[in-house]
Amino acid sequence: GFPLIELGAATSGSPAFTASVGVLLALPLKLLKQVDTVTAQTSDDVTLTLTGGQSVVWGSVDQSALKAKVLAAVITIGGATTKYDVSAPNHPVLGGN
């Protein structure tokens with residue numbers, strides 16, 4: 001019932017782990033339930049994989065509250081989109097239909 005956090009060579013005390021947890025904590029419950037995996041090598045490259053197979057490029061934990069709102073909005077209009085990029089939340093990108 002919880003997302004898997006994949007850190008590669010990073011450890012549970014690393015900035016990548018802290019950023020991953022910060023992103024998960026910023027998500028509303030409805031979105032959190034859709035997260036299958038969180039991947040991060042650094043604190044600036046957090047990526048989510050949703051249970052439907054879509055990927056979400058999140059970037060850093062900065063502006064996570066805004067990124068969560070933007071993601072919730074673009075998912076509703078995304079249709080068959082398989083990749084969402086909210087790393088720059090004022091300019092989200094949808095791709096991979």
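Every heavy atom of this structure was used, including side-chain atoms; hydrogens, water molecules and symmetry mates were not.
Results of the side-chain contact (heavy atoms from CB on, under 4.5 Å) test with L94 over V86, T82, V74, D85 single out V74 as the only residue that passes.
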>> Go through it in stages, so that I can follow the logic: the residues are I75 and L31, the test is side chain to side chain contact (heavy atoms under 4.5 Å, CB included), and I'd like the CA-CA distance, side-chain angles, deciding distance and then a yes or no.
In response: CA-CA 10 Å; I75 281 178; L31 282 176; 3.8 Å; yes

> Should V35 and V23 be marked as a side chain to side chain contact (heavy atoms under 4.5 Å, CB included) after you check the CA-CA gap, both sets of side-chain angles, and the distance that decides it?
Replying inline: CA-CA 11 Å; V35 178; V23 168; over 6 Å; no

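In this structure L25 satisfies the side-chain contact (heavy atoms from CB on, under 4.5 Å) test together with V21, sequence neighbours excluded. Partners of K83 by side-chain contact (heavy atoms from CB on, under 4.5 Å), not counting sequence neighbours, listed by chain and number: S55, V57.
Looking at T49 and P3, their side chains never come closer than 4.5 Å, going by heavy atoms from C-beta outward. Side-chain contact between V38 and T47: absent, with no pair of heavy atoms (C-beta onward) separated by less than 4.5 Å. N90 is listed as a side-chain neighbour of L66, based on a closest heavy-atom distance under 4.5 Å. Within the 4.5 Å cutoff, the side chain of I5 has heavy atoms near those of the L24 side chain.
Atom CG of L7 is separated from atom OG of S12 by 8.0 Å, given to the nearest 0.5 angstrom.
Here the closest non-hydrogen pair linking F17 and T11 is CB-O, 3.5 Å. Residues A65 and A26 come closest through the heavy atom pair N-CB, 4.4 Å. The two residues D44 and S60 have their closest heavy-atom pair at OD1-CB, 3.4 Å. For the residue pair A10 and A16, the shortest heavy atom distance occurs at CB-CB, 4.1 Å.
Applying the side chain to side chain donor-acceptor pair (under 3.5 Å) test to residues at least two apart or on different chains, the pairs with a partner in residues 27-43 are T42-D45.
K67 places no side-chain N or O within 3.5 Å of a backbone atom of V61 that could act as its donor or acceptor partner.
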